[in-house]
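Read through the structure below, which is laid out as structure tokens, and then see the notes.
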Amino acid sequence: MSSSLYRRLHGLFTKPNTLTPLPKTPKPTTLNTLEPLLPESSISSTDKRLRALVKKFKAASDSERFRTRNYGYEIAVRRLAAAKQFSYIEDILEHQKKYKNISNERFTVRLMSLYGKSGMFEHAHKLFDEMPQLNCERTVMSFNALLAACVNSKKFDKIGEFFRELPEKLSIKPDKVSYNTVVKALCEMGSLDSAREVLDEMEKNSFEPDLITFNTLLEAFYRNKSFSDAEKVWALMESKNVVPNTRSYNPKLRALISDNRISEAVELIEEMGRKGVKPDIFSFNALIKGFRDDGNLEEAKRWFGEIVRNDCCPDRSTVKMLLPFVCEKGDFDFAFELCKEVITRRFIIGTATMQLVVDGLVKESKMEDAEKLVELGKSNNYFHYKLKMAGDQEGKSGNGFPVDEDNGGLVLYDSVKEVRRSWFYLQHQEDTCKQCTLVSSSSCRNIGTD
DNA sequence: CTAGGGTTAG
């Protein structure tokens, strides 16, 4: 990287930024043990479940096969991070050092990435520093993982420093991924012009910007509703023969929608079709949001239909937008069908929204459907609804019961398998619908319309 | 190791 970019980065990265600080994360310690923080009696049931997860996770780590799959790590760490249980994350990740995989750079980089995504930058950094003594080779891959950890933990000021010092110190040459990560960092900081200038630096260093570089910039400009700047980036991308994909179009769709330009968004999604760029669930959700905000029930439902027609899967966002909306519009037949679909696939709908549908069906004298829905909700294997029919006595309906309590949440594995077998999988080959995997993996939990 | 909206446990 040229010295001019060093200077620019340095200047940018040392300016105080206005981002709100993340919650405090613990400093790394050398302890691998997890001491109880509270007396047993005052430990909440949530915490009990998380402790069970930690225990189960460490036991599962003994399995070679478990360690090769990042998926279980992602799920567990995401849950712990959501609960702000950073010491638990430290516990399960530091535990991984006892396995021989730790001298494999890919494995260690995965752990750094998990720390980064949890906002635990210090831990990621410490792990990077420890790599030599863990007998783990450090290439540009781990350098990039460190940069990514900065971005994910919003420690933007560190990036300039690392870029200035580490390559020389460790004889590592930054590559295209390194530059793309810098672009992302500048975008997240709101320094969009500087982000675009990195393109020139890349070319000076003989790196051609790729689809990720351009999509990162497009996303930032469109989010900012800087349409004319975004169009310039788009033109540059095409002049470099980089072919736009779905993720180039989606930010533009969202920008048009949030600018109340629905018909232009519809035109754009049609253009995607003509150019052979397949719209995905993000594209359809953007349009559905537009029509929902416009109060247009028919169009919202029509685009829901397009999801299935285009071999796509609705996701939690789709349901969350549509269900309350169609209830408000009084279309309880549609609401009923949607609920039924969602529940039988073991997705969860918020109880309040379910109640909304049940009440609506009752009000329309569709008692049979209402009862069917209540039964469906109650018979759901993983969760329980407290749904009431008119005339039910208070408290008569079931109480919630937790996800397989002995299994510390690793039950997600099983439910993912279940979901994979169902939902729109009935219509698709498993391997060809990666998107469905993503949907199902994150939707075993509450689809959250309450 | 790099690009996704708006949220995510009782």
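Naming: A, B, ... by sequence-line order, numbering from 1 per chain. Keep in mind the model is a prediction, meaning the values are calculated, not measured.
Across the protein-nucleic acid pair, A:Lys176 atom NZ and B:dA3 atom P stand 15 Å apart, rounded to whole Å. Atom CG of A:Leu186 is separated from atom C1' of B:dT2 by 14 Å (rounded to the nearest Å). Across the protein-nucleic acid pair, A:Arg79 atom CZ and B:dA9 atom P stand 10 Å apart, rounded to whole Å. To the nearest angstrom, P of B:dG5 lies 12 Å from CG of A:Asp280. Between A:Asp293 atom CG and B:dG5 atom P there is a gap of 17 Å when expressed in whole angstrom units. We find that CG of A:Asn152 is positioned 12 Å from P of B:dC1, with the value rounded to whole Å. Put simply, CG on A:Leu50 is 9 Å from P on B:dG10, counting in whole angstrom units. Atoms NZ (A:Lys289) and P (B:dT7) sit 10 Å apart, rounded to a whole Å.
For the residue pair A:Asn245 / A:Asn215, a side-chain donor-acceptor distance below 3.5 Å is found, with atom types taken as modelled.
Residue contacts shown for A:Arg106 are absent, as no nucleic acid heavy atom lies under 4.0 Å away.
Toward the 5' end of DNA chain B, the nearer of the two residues A:Ala83 and A:Asp210, judged by each one's closest nucleotide, is A:Asp210. Of the two residues near DNA chain B, A:Ser113 and A:Glu219, the one whose nearest nucleotide lies more 5' is A:Ser113.
For the pair A:Arg138 and A:Phe128, the distance from NZ or CZ to the six-membered ring centre is under 6.0 Å and the angle to the ring normal is within 45 degrees. Note that A:Arg302 lies outside the cation-pi zone of A:Phe291, set by a 6.0 Å cut-off to the ring centre and a 45° limit from the axis.
Remark: the A:Arg254 side chain and the B:dG5 base include no donor-acceptor N/O pair separated by less than 3.5 Å. Residue-to-nucleotide contacts include no donor-acceptor pair under 3.5 Å from the side chain of A:Ser317 to the base of B:dG6. Between the side chain of A:Asp315 and the base of B:dG4 there is no donor-acceptor pair of N/O atoms closer than 3.5 Å.
Remark: the backbone N or O of A:Cys150 is not paired with any side-chain donor or acceptor of A:Ser153 at under 3.5 angstrom. A donor-acceptor contact shorter than 3.5 Å is absent between the side chain of A:Glu201 and the backbone of A:Glu197.
Across B:dC1, B:dA3, B:dT7, the shortest atom-to-atom separation from the side chain of A:Val177 is found for B:dC1.
Applying the 4.0 Å criterion to OP1 and OP2 of B:dT8, one finds that A:Arg78 has every side-chain N and O outside that range.
Remark: ring of A:Phe282 not stacked against base of B:dG5; the cut-offs of centroid gap under 5.5 Å and plane tilt under 30° are not jointly satisfied.
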